[in-house]
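Have a look at the structure below, then the notes.
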Protein chains: 2
Amino acid sequence: MTTQDRLIESTQALLWERGYVGTSPKAIQQHAGVGQGSMYHHFAGKPDLAAAALRRSAEQLRGVAAADLSAPGSAYDRIAAYLRRDRDVLRGCRIGRMAQDPDVIADPELRAPVEETFDWLRARIAELVAEGQVAGELAPGVDPTDTAAAVVAVVQGGYVLARAAGRAEPFEQAVRGALGLLAAQRTA
Amino acid sequence: MTTQDRLIESTQALLWERGYVGTSPKAIQQHAGVGQGSMYHHFAGKPDLAAAALRRSAEQLRGVAAADLSAPGSAYDRIAAYLRRDRDVLRGCRIGRMAQDPDVIADPELRAPVEETFDWLRARIAELVAEGQVAGELAPGVDPTDTAAAVVAVVQGGYVLARAAGRAEPFEQAVRGALGLLAAQRTA
DNA sequence: GTCTATATTCGGATAGAC
DNA sequence: GTCTATCCGAATATAGAC
């Protein structure tokens, strides 16, 4: 692995754990086993490195979610596959976490991967809901866009509840709750 | 207002905006218009002050939510009142935000108000759902505890989506989505 | 109770040698 | 490309005067 890659991966890990404000260049260097000069040779500074790390995390997350949402089965099955995916719940979401950091939100370069990830995710789930309705699998009563936003919000909010509680259970409850409400839309 | 109160209110405001890691004692002093020595006379340090601020925020939040959830009308109406309450969406949740901060989660004194707020909120909403089912207003199919967790998660996740997007709309979509799914449970 | 002075470490980087 | 030296301000206090 290249020095750049190790720096990016270390930054991904530290941003996930400590957030942007809580992650120092020195901590990144130590985690990556890379010297000061080396880091500043490859990257302009902390914001530059964070931007690279966030772009990579966004790409990876999208890949995983895309797979869940194209799983075999009905629209409901695919959304359930996304919601039920095995997660490290107490760690939270690598991307969603960044939405809380004012320095990330204030910098368009840093916010862009976060915004795009959620835009894509909501749109993809809305598409599935709409397809399910057209296919007659889901009742036509609910709005696909709104429903998709609710599904994504349940996951992001589930992380918040779980971390607040110090245990994964509230996340799992929220997911079951969402699936219970969604199941009532099935026409079968 | 006493010096203590001004310090607590300033800490509440700064924790909301910048989080725990991002809030310095100096910033608190300046925001409160209080000197260094004065702050350390009244509080042992940053964690002590933050604990006082979080306890107060938790108490206030609970008061507001309790009012929504006891509004006139059916169980659905009360949950809708909670979900639709006018919020400063892009600022996020004063309490939920803390769940992302590792230093808050690691300190039992700081985590307690956060955990208790969400425990109470989920329990109160679960109670409403169960009452609605018993009264025949809501279909008996969904689990009250799980549904309540989903409702609270939609709000917390809605904040994440809105901040990521830089606009309030995704929050409002998520709320409408949740209400749409919940409305389908009404037997009327 | 409040103020000013002082201390230590960290954050975030630049400079220049190798 | 990588290393070490150096810089300046901020974070988080403690000490002691008023």
Side-chain angles (χ1 to χ4, degrees), chain A residues 1-56 97-98 100-111, chain B residues 1-56 97-98 100-111:
Chain A
M1 198 165 41
T2 72
T3 297
Q4 283 101 322
D5 275 337
R6 274 192 295 138
L7 283 166
I8 289 178
E9 287 192 7
S10 293
T11 305
Q12 286 183 285
L14 290 168
L15 285 180
W16 191 0
E17 198 184 322
R18 310 262 331 146
Y20 184 78
V21 168
T23 297
S24 70
K26 173 173 280 185
I28 294 169
Q29 294 150 25
Q30 286 171 346
H31 190 280
V34 157
Q36 191 114 334
S38 191
M39 190 197 108
Y40 281 103
H41 174 74
H42 292 292
F43 294 95
K46 174 172 158 173
D48 186 30
L49 196 36
L54 288 184
R55 280 194 300 268
R56 184 172 295 187
R97 177 192 220 304
M98 297 301 133
Q100 298 301 334
D101 203 308
D103 293 357
V104 170
I105 292 310
D107 182 339
E109 197 81 10
L110 294 176
R111 185 165 67 82
Chain B
M1 198 166 40
T2 73
T3 297
Q4 282 102 319
D5 275 336
R6 274 191 295 138
L7 283 166
I8 289 178
E9 289 192 6
S10 292
T11 305
Q12 287 182 285
L14 289 168
L15 286 180
W16 191 0
E17 197 184 324
R18 308 265 330 149
Y20 184 78
V21 168
T23 297
S24 69
K26 172 173 281 189
I28 294 169
Q29 294 151 25
Q30 286 172 345
H31 189 279
V34 158
Q36 190 114 332
S38 190
M39 189 199 109
Y40 281 103
H41 173 76
H42 292 291
F43 295 94
K46 174 172 158 173
D48 186 30
L49 196 36
L54 288 184
R55 281 195 299 270
R56 185 171 296 186
R97 176 191 219 304
M98 298 300 133
Q100 298 301 334
D101 203 308
D103 293 357
V104 170
I105 292 311
D107 182 339
E109 196 81 9
L110 294 177
R111 186 165 67 81

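First the proteins, then the strands, lettered A, B, ... as listed; each starts at 1.
Distance Q36(B) CD to dA5(C) P: 12 Å, rounded to the nearest Å. One can place CE of M39(B) at 16 Å from C1' of dT4(C), the figure rounded to the nearest angstrom. The distance from atom NE2 of H42(B) to atom C1' of dT14(D) is 17 Å, rounded to the nearest whole Å. Taking atom OH of Y40(A) as the reference point, atom C1' of dA17(C) lies 19 Å away to the nearest angstrom. If you measure from atom CD of Q29(B) to atom C1' of dA11(D), you get 11 Å, rounded to the nearest angstrom. Computed from coordinates, the K26(A) NZ to dG9(D) P distance equals 19 Å when rounded to whole Å. If you take CD of Q30(A) and P of dC3(D), they are 13 Å apart, rounded to a whole angstrom. Rounded to whole angstrom, the span from the CZ atom of R18(A) across to the P atom of dG12(C) amounts to 12 Å.
Taking the side chain of H41(B) as heavy atoms from C-beta on, and the options dG1(D), dA13(D), dG1(C), the nearest nucleotide is dG1(C). Taking only side-chain atoms of P47(A), from C-beta outward, the nucleotide of dA13(C), dT2(C), dT12(D) with the closest atom is dA13(C). Comparing dT4(C), dA5(D), dC3(D) against the side chain of S38(A) picks out dC3(D) as the nearest. Side-chain atoms of S24(B) lie closest to dA11(D) of the nucleotides dA13(D), dA5(D), dA11(D).
Between V34(B) and Y20(A), the residue anchored closer to the 5' end of DNA chain C is V34(B), taking for each the nucleotide with the nearest heavy atom.
No donor-acceptor distance shorter than 3.5 angstrom exists from the side chain of R18(A) to the backbone of T23(A), with no hydrogens or angles considered. In terms of modelled atom types and a separation under 3.5 Å, the side chain of K46(B) and the main chain of Y20(B) share a donor-acceptor contact.
Residue T3(A) has no polar side-chain atom (N or O) positioned under 4.0 Å from OP1 or OP2 of dG1(D).
When all heavy atoms are compared, the tightest approach of L15(B) to M98(B) is O-CE, 3.1 Å. Across all non-hydrogen atoms, the minimal contact from T3(B) to S38(B) is CG2-OG, 3.8 Å.
Heavy atoms of G35(B) sit under 4.0 angstrom from primed sugar atoms or phosphate atoms, though from no base atom. T2(B) comes within 4.0 angstrom of nothing in the nucleic acid, heavy atoms only.
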Working for side-chain contact (heavy atoms from CB on, under 4.5 Å), residues H31(A) and T11(A): CA-CA 8 Å; H31(A) 190 280; T11(A) 305; over 6 Å; no
